[in-house]
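If you're wondering where the values come from, they're calculated on a predicted model, not measured in any experiment. Scope of the values below: all heavy atoms of this structure, side chains included, with no hydrogens, waters or symmetry mates.
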Amino acid sequence: MGQYWALISIDKREATGHLGKLGEFFWMPDDSLVSCLTTPVIPSSYKTAAIASFGGKSQKLKKNHPTSILLSLPHELLLLIAEELSEDYLDLICFSLTCMDAWELTGKCRYQSLSQKIKSKSWAGSRIILLGDYAGALPKGLLTDAEKKELRLDGYADHKLGSLLYAHPAFRMPSYKILNDFYYDEIARDNYLFRELQYFAHCEPFSQWIMLPGAFKPTRSSSSKDLWMVRNLTKQEYAIPTRPQSLTHIVYSLIGCSDDPSVSMQGERCSVLINGPWAGDRIDITLVSMHRQEHAPEEESNWKDITISVKELLEALAAEDDDYSVGDFKF
């Protein structure tokens, strides 16, 4: 039968389930995985709008219409209500849409709620592992004692943890598509709410907060030198391919974990894939320019560029593996 593989985010408690045999998907670029691992960035227009609507408010709200019971509450109390609702983006949006004053008042809360919601749907920066269903022991320290207890794995020997984690019921399917599971499942069950939001979705300034884009990815700069990179936040290492199609190849080649060498690929080098040096580490994908913005020059010296070694490995794998028509692999 051969060994099957699954991508697992330990921190998000999400797993893809069977992806197939490693050789069947290894060379296939996966845009959904790249989106999932790309550090989300909210366009500056959201933050600008939030600050503009929030910053000029006095302690007494501007009145453009007869006072409602809601608006008769003190400014501070309305903000407390908004902050309490911020954990559920849909609830906060509904509260914000009660009137223009509430919309202007909640700008900062909406931005913070949106930021938290988007990040909660991303795997970027979480502990990632590509686990085989024949796996025995997990990378040392991958699961803390508290996590083993939570997952009810604390009573098992280490050499059984891999196969148990692979099929663990606590790990649900990943939410790769941010838009589809943001709140549309909730409004689909409420026709009145759906019609209300649909109306506001076509009106400014509400539309961008309701009709959310499907992905919040960094925008590539105009520089031709601005490339994508895969980062290991745990070890402070990175690899920079010349083609974005190679991003998934880099991830797969570094995060594999199994005790069984069967990977359904030809060649001698493929055996290293079951002992990925990044397995279980915190990983994300971002632009080189954004990485440099995040880290001062003196901090950059702490990071190690492993691009050359990863490129050599992938080129060797491609040269040896003829089963899946890899052709002339380009890093």
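- Looking only at distances, a side-chain donor or acceptor of Thr234 sits under 3.5 Å from a matching main-chain atom of Arg282.
- Ring geometry for Phe171 versus His168: interplanar angle over 60°, hence perpendicular rather than tilted (30 to 60°).
- Pairs passing the salt bridge (charged side-chain N to carboxylate O under 4.0 Å, His left out) check and including a residue from residues 148-161, sequence neighbours excluded, read Arg13-Glu150.
- The ring of His18 has its center no closer than 6.0 angstrom to the ring center of Trp5.
- In this structure, Arg110 forms a cation-pi arrangement with Trp103, its terminal cationic atom sitting closer than 6.0 Å to the ring centre and no more than 45° off the ring axis.
- Distance check: Ser207 OG to Glu204 CD gives 3.5 Å after rounding to the nearest 0.5 Å.
- Note: Phe25 and Tyr252 meet the aromatic proximity criterion, with ring centroids under 6.0 Å apart.
- For Ser115 (side chain) and Tyr111 (main-chain N/O), a donor-acceptor pair under 3.5 Å exists by modelled atom type.
- For the 3.5 Å distance criterion, the side chains of Ser9 and Ser126 qualify, holding a donor opposite an acceptor.
- Side chains of Glu14 and Trp123: a donor on one and an acceptor on the other come within 3.5 Å.
- In this model, a donor atom of one side chain and an acceptor atom of the other lie less than 3.5 Å apart for Thr307 and Asp305.
- For the residue pair Ser258 / Gln3, a side-chain donor-acceptor distance below 3.5 Å is found, with atom types taken as modelled.
- In this structure, Ser113 OG and Asp91 CG are separated by 9.0 Å, a value rounded to the nearest 0.5 Å.
- Leu130 and Met28 fall into different hydrophobic clusters, defined by Ile, Leu, Val, Met, Phe, Trp and Tyr side-chain heavy atoms under 4.5 Å apart, directly or through other members.
- Counting only N and O atoms by type, the side chains of Glu83 and Ser86 include no donor and acceptor under 3.5 Å apart.
- Under 4.0 Å is where a charged nitrogen must lie from a carboxylate oxygen, and between Glu315 and Lys330 no such pair does.
- Aromatic ring orientation, Tyr238 versus His291: tilted (interplanar angle from 30° to 60°).
- Between atom CZ of residue Phe200 and atom CE of residue Met211 there is a gap of 15.0 Å, rounded to the nearest 0.5 Å.
- No side-chain donor from either of Thr248 and Asp30 sits under 3.5 Å from a side-chain acceptor of the other.
- At least one donor-acceptor pair under 3.5 Å links the side chain of Asp226 to the backbone N or O of Ser289.
- A side-chain donor-acceptor contact under 3.5 Å links Ser96 and Thr106.
- Of the charged side-chain nitrogens involved, none lies within less than 4.0 Å of a carboxylate oxygen, so that Asp88 and Lys117 do not count as a salt-bridged pair.
- The existence of a salt bridge linking Arg127 and Glu147 is confirmed by a sub-4.0 Å separation between a basic side-chain nitrogen and an acidic carboxylate oxygen.
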